[in-house]
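Protein chains get the first letters and strands the later ones, always in sequence-line order, with residue 1 at the start of each. Computation of the quantities below employed the complete heavy-atom set of this structure, encompassing side-chain atoms and omitting hydrogens, waters and symmetry-equivalent molecules.
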Amino acid sequence: MKYNYLEIEKKWQKYWEDNRIFRTPDPEDLDKSKPKYYALDMFPYPSGDGLHVGHPEGFTATDILARYKRNKGFNVLHTMGWDAFGLPAEQYAIKKGIHPKIRTAECVDLFRRQLKALGFSFDWEREINTTDETYYKWTQWIFLKIFNSYYDEKENRAKPVSELKIPEGLSEKEKYDYINSQRLAYLAEVPVNWCPELGTVLSNEEVPEQIEKGFTVVRKNMKQWNLRITKYADRLLKDLDDLDWPNSVKELQRNWIGKSEGAKITFKVKMSDENKGENYSVEVYTTRPDTIFGVTYLILAPEHKLVEFITTPEKKDLVKAYVEKAGFKSDMERTELSKNKTGEFTGAFAVNPVNGKEIPVLVADYVLASYGTGAIMGVPGHDERDNEFALKAGLEIIPVVIPEKYKSEDEIKQFTERTIKGEECYSGEGISVNSGFINGLKTEDAIKKVNERIEETGAGKKAINYKLRDWLFSRQRFWGEPFPLIHLEDGTFKALDESELPVKLPDIESYNYSGTGESPLAGIDFWINTTDKETGRKAKRETNTMPQWAGSCWYYLRYLDPDNEKVFCDPAREKFWMPVDLYIGGAEHSVLHLIYARFWYKILFDLGYVSYKEPFQKLFNQGMILGEDGVKMSKSRGNVINPDDVIRNFGADSMRLFEMFMGPLEATKPWSTKGIEGLSRFLNRVWRLIVDENTGTVKSSVVFEEPDLNALKLLHKTIKKVTEDIEDNDMKFNTAISYLMVIVNEMYKMEKISRIMIEKFLVLLSPFAPHIAEELWEKLGHDKSIQFESWPEFNTEYTKEDSVTVVFQINGKVRAKKEVDYDTAEDILEDLALYNENILKQIMGKQIIKVITIKNKMVNIVVK
RNA sequence: GCCCGGGUGGCGGAACUGGUAGACGCGCAGGACUUAAAAUCCUGUUGCCUGUAAAGGCAGUAUCGGUUCGAUUCCGAUCCCGGGCACCA
């Protein structure tokens, strides 16, 4: 009987499902003395194309850990679900005129079937779908919690707005405005990234991806919902330190948050005749207060509020034209034109607070309105951007920092001359010159001194800035979570009560975009028009929907308690299972999903709904699998590998094994059909090692005998290596599999193989290739799933070597080798080396300078 | 430009804490089985040189240099590839 993977895999998949082998009982029914292990995959977006080979790579890795930990006696939670809101289903709906719900269900069915065919040990009874009403009810619920919270700066945490102190003496309207200004979810007219092709706005994070796809993105001012993630910038940054995440992801997030320390400095605007009586001043942000004596001009971003107030009448037209032109440019265009900086003089002058120098104030679009104060001080001697601009605009350059490498007067003189001419622009640290009270100080001390001074004189203070912006949270789409909000006729809005959730999506016929920048929902009168339950007033529903990231911000919590109708997740369950012990997914989610999810979890933590600071303790990114031609798989290239075909030709076990064997999990590596043949060959070898292909029963060479010493050593070394590789932080499954191959190769050389050895081997193999392991386990006479077997332990008695090959070197070059007993004493090794024939030949007549001996390793003879 | 990774046989990749470079797999070559092929099994496989052989020598982990008795591993410089960010003051 040949190894019939198709039949075997089907059989065991059915067995696992029928017998609920991978069902995880809830904590109340668990043996809590055992440790828990939560192995989580980033849940997929179920697309119509079905699974690609990249999905199973990460899923296989978590599955190996999940199965291994079950064998180890852990309570394991391993789950799967669907991140099913999103544009593709909506676009399909527009084209075919059927509800995205229907299309989504089809795609989910396809994905589920494909995943089941790979034999993953998910607890399918916990399957979730972000588009289910019973799921997004809780997404909306969490949104309400965010909406109804504010950030308490003193306690550094979110609190319910009911605890917000409202300034006294405010009118009802003022109170309403004040509260809204404090909420963690707020409506604001902001410049957004509008994508005309998609008919929606995009978050900053989504822009590069869409541009890559060929869509255009333009700046537009629109009223949008935002989440105040910036309040969490510091915690999101600090708490990264304790996470067991790849360094690159942490670094990416740190850069994204982009904390910088500097100072805000105020420059008073010198009053001209026209604006006499008004006290305008420009606040700038700089990380280099020490260069303040080198400031020769100020720049306001075109969107800066002061522009219209300080511009002198004779400059009004020019400035106005410039600001308008800048407004038409998208961020992209502004960036692309970076080499050609432009600006316009406002006619106004400002006064440098440290030396009273009068400097011109300009408008230029290389300064971003959204960062810092939207204004900068121009230090063309020591900032490359300012330098570029100053040269173009013919502005003065003053050198104020000398690099420390220049010591002699001559060098310093040459450097300052080059700087003045604009030939050199040094932006590093150094010694201050031409700088009044900080002359001669090193940058670090100069900064301190300037900060002290401006604080004393009230001209400024230390300040911290982040690149991170608030999260633009609304989309003009149909297929997303509706906001649980209504707008009243008086122009105010209010949140619905929890009891009114979920706000369901309507069933409609046409999903075309309104074209007005509103969601398709805006055209559905029966859905929009509603009444305020509390007061009975007429109201209209908010027509924006949430971005796709919303559902994925908390799905890992819903798995813990998927059917709960009372709460989003039972606190006891949350406490038991969280944090996630292993989270695997693609590196493309390093910033977006992982920052958003951390943010939501932290809000829930602040409000007391969850019990840890961070949701994902250990994170791992699986690498990309390229096509056989070494480039990214794509339909247009025709190099896409379909898992269904692979399973049909080689089986799920071979596929799992191969994807793990290709190389390190995090590496990008090409698919290879020849490669998977090798793994299929390996499983066939395993089969024939145990099964007599004529009778289909266990071979007579598999005997009820204790393994001999050599076999024991082989077995225990294999147990050790496989166990250590699975436990290893880097998840070295490729080497674990290579040891499994080695032991099989060795067992093939044995005339008789102990059943004990075979059985332990099968347990080692089972997390990687579970179907064949179950089948052989059954053939060996077991009636319980191999998943219930405990993981083999190794005995160090058998894992240590009893003899080792020691090398003899001359001047570091290997000249001879010798097999010796383990732990042979150093002096004996030395003698062995010195009297070795080959060594003797070569050191003859030479002087021995010294001999270095390392036990069990080598003897190195240094000669002259 | 900046920040992270990474460059090892024909290919995917191994190599503990500085101590035998190339595990395992693919491919290739030779052999066995077969009428033949496939499948399977066995042997060999970094390159070059000497040798009938056994064996031995030289070079070798992107390049150049350094530290060391000894470097794929540590340090410095350079080149190349991948990913991310990109006027963030």
- Minimum side-chain heavy-atom gap A/Tyr748-A/Leu689 below 4.5 Å: yes
- May I ask you to say what A/Ile854 touches in the nucleic acid, namely base, sugar-phosphate or nothing, with a heavy-atom cut-off under 4.0 Å? base
- Task: Return the minimal non-hydrogen interatomic distance between A/Glu677 and A/Phe650, and the atom names on each side.
- Result: CG-CE2, 3.6 Å
- Message: Work out how far the P atom of B/C79 is from that of B/A23, and round it to whole angstrom.
- Response: 34 Å
- Query: Between B/A89, B/A23, B/G19, which one does the side chain of A/Ser738 approach most closely?
  - Reply: B/A23
- Message: Just to be sure I understand the rule, does A/Ser672 reach a base, reach only the sugar-phosphate, or reach nothing, if contact means heavy atoms closer than 4.0 Å?
- Response: nothing
- Message: Applying a 4.0 Å non-hydrogen cut-off, can you work out what A/Pro664 is touching in the nucleic acid: base, sugar-phosphate, or nothing?
- Response: sugar-phosphate
- Item | Touch class at under 4.0 angstrom, heavy-atom based, for A/Gly258 against every strand present | nothing
- Message: Going by purine N1 to pyrimidine N3 plus the second Watson-Crick contact, or the G-U wobble pair, all under 3.5 Å, which nucleotide sits opposite B/C28?
- Response: B/G44
- Task: State, yes or no, whether a side-chain contact exists between A/Phe661 and A/Ile676 at a heavy-atom distance under 4.5 Å.
- Result: no
- P gap between B/G6 and B/G13, integer Å: 14 Å
- Message: So, taking the atom named CD1 in A/Ile690 and the one named CZ in A/Phe761, what distance separates them when rounded to the nearest 0.5 Å?
- Response: 6.5 Å
- Message: Considering every strand and a 4.0 Å limit on heavy-atom distances, what is the contact class for A/Arg681: base, sugar-phosphate, or nothing?
- Response: sugar-phosphate
- Quote, to the nearest angstrom, the C1' distance that separates B/U61 from B/G18. 15 Å
- Write down the distance separating the C1' atoms in B/G47 and B/G60, rounded off to the nearest Å. 8 Å
- Query: A/Arg685 has an atom CZ; how far is it from atom C1' of B/U40, in whole Å?
  - Reply: 10 Å
- Item | Under-3.5 Å donor-acceptor pair between A/Lys674 side chain and B/C11 base | no
- Task: Provide, to the nearest angstrom, the distance between the NZ atom belonging to A/Lys813 and the C1' atom belonging to B/C58.
- Result: 8 Å
- Message: Under 4.0 Å from OP1 or OP2 of B/C85: is there any side-chain N or O of A/Arg254 that close?
- Response: no
- Query: Under 6.0 Å from the CD atom of A/Glu384, do we count more than 12 heavy atoms belonging to anything else shown?
  - Reply: no
- Task: Would you please confirm or rule out a distance under 4.0 Å between OP1 or OP2 of B/A39 and any side-chain N or O of A/Arg688?
- Result: no
- Contact class for A/Gln809 (heavy atom, under 4.0 Å): base, sugar-phosphate, or nothing? base
- Query: Can A/Arg254 and A/Glu251 be said to form a salt bridge (charged side-chain N to carboxylate O under 4.0 Å, His left out), step by step?
  - Reply: CA-CA 5 Å; A/Arg254 286 190 189 113; A/Glu251 212 45 44; 3.0 Å; yes
- Give the intermediate values and the outcome of side chain to side chain contact (heavy atoms under 4.5 Å, CB included) for residues A/Ile641 and A/Met633. CA-CA 8 Å; A/Ile641 302 288; A/Met633 284 191 197; 3.5 Å; yes
- Within the pair A/Tyr371 and B/A89, is there a side-chain N or O less than 4.0 Å away from OP1 or OP2? yes
- Message: Can you tell me which nucleotide in B/C3, B/A89, B/G13 comes closest to the side chain of A/Asn255?
- Response: B/C3
- Message: Tell me the interatomic distance from A/Asn734, atom CG, to B/A23, atom C1', rounded to whole angstroms.
- Response: 11 Å
- Whole-Å distance separating the CG atom of A/Asn387 from the P atom of B/C87: 18 Å
- Message: With rounding to the closest Å, how many angstrom separate the C1' atoms on B/G9 and B/G1?
- Response: 37 Å
- Message: Suppose you measure atom C1' in B/C26 against the same atom in B/G83; what distance do you get, rounded to whole Å?
- Response: 28 Å
- Message: Does any part of the side chain of A/Tyr5, heavy atoms only, come nearer than 4.5 Å to the side chain of A/Leu683, both counted from C-beta?
- Response: no
- A/Glu251 CD to B/G84 P: how many Å, rounded? 16 Å
- Which atom names give the shortest non-hydrogen contact between A/Ser590 and A/Ala587, and what distance separates them? OG-O, 2.5 Å
- Query: Taking the side chain of A/Lys857 as its heavy atoms from C-beta onward, which of B/A14, B/G19, B/G56 lies nearest to it?
  - Reply: B/G19
- Pick base, sugar-phosphate or nothing for A/Met741, based on heavy-atom distances below 4.0 Å to the nucleic acid. sugar-phosphate
- Interatomic distance, A/Ile265 CD1 vs B/A89 C1' [rounded to whole Å]: 11 Å
- Query: Across all strands shown, which nucleotide pairs with B/C33 by Watson-Crick or G-U wobble geometry, both distances under 3.5 Å?
  - Reply: none
- Item | Spacing of the P atoms in B/A37 and B/U52 (rounded, Å) | 35 Å
- Which nucleotide in B/A15, B/C69, B/G57 has an atom nearest any side-chain atom of A/Asn838: B/G57
- Item | Under 3.5 Å on both distances, the Watson-Crick or G-U partner of B/A38 | none
- Identify whether the glycosidic angle of B/G22 places it syn (within 90° of 0) or anti. anti
- Query: A/Trp256 side chain: which of B/C69, B/G25, B/C85 is closest?
  - Reply: B/C85
- Message: Using whole Å, what does the distance between atom C1' of nucleotide B/A89 and atom CD of A/Glu384 come to?
- Response: 12 Å
- Message: Just to be sure I understand the rule, does A/Asn745 reach a base, reach only the sugar-phosphate, or reach nothing, if contact means heavy atoms closer than 4.0 Å?
- Response: sugar-phosphate
- Message: Applying a 4.0 Å non-hydrogen cut-off, can you work out what A/Ser260 is touching in the nucleic acid: base, sugar-phosphate, or nothing?
- Response: sugar-phosphate
- Task: Look at A/Lys732 and B/A15 and indicate whether a side-chain polar atom (N or O) is within less than 4.0 Å of OP1 or OP2.
- Result: yes
- Please determine, for the side chain of A/Ile852, which listed nucleotide (B/C69, B/G12, B/A89) has the closest atom? B/C69
- Task: Would you indicate what A/Val807 reaches in the nucleic acid, counting non-hydrogen atoms under 4.0 angstrom: base, sugar-phosphate, or nothing?
- Result: base
- Whole-Å gap separating C1' (B/A89) and CG (A/Asp290): 13 Å
- Note on the structure: Taking B/G57, B/G5, B/C87 as options, the one with an atom nearest any side-chain atom of A/Asn247 is B/G5
- Query: Taking the C1' atom of each, how far is B/C48 from B/U35, in whole Å?
  - Reply: 44 Å
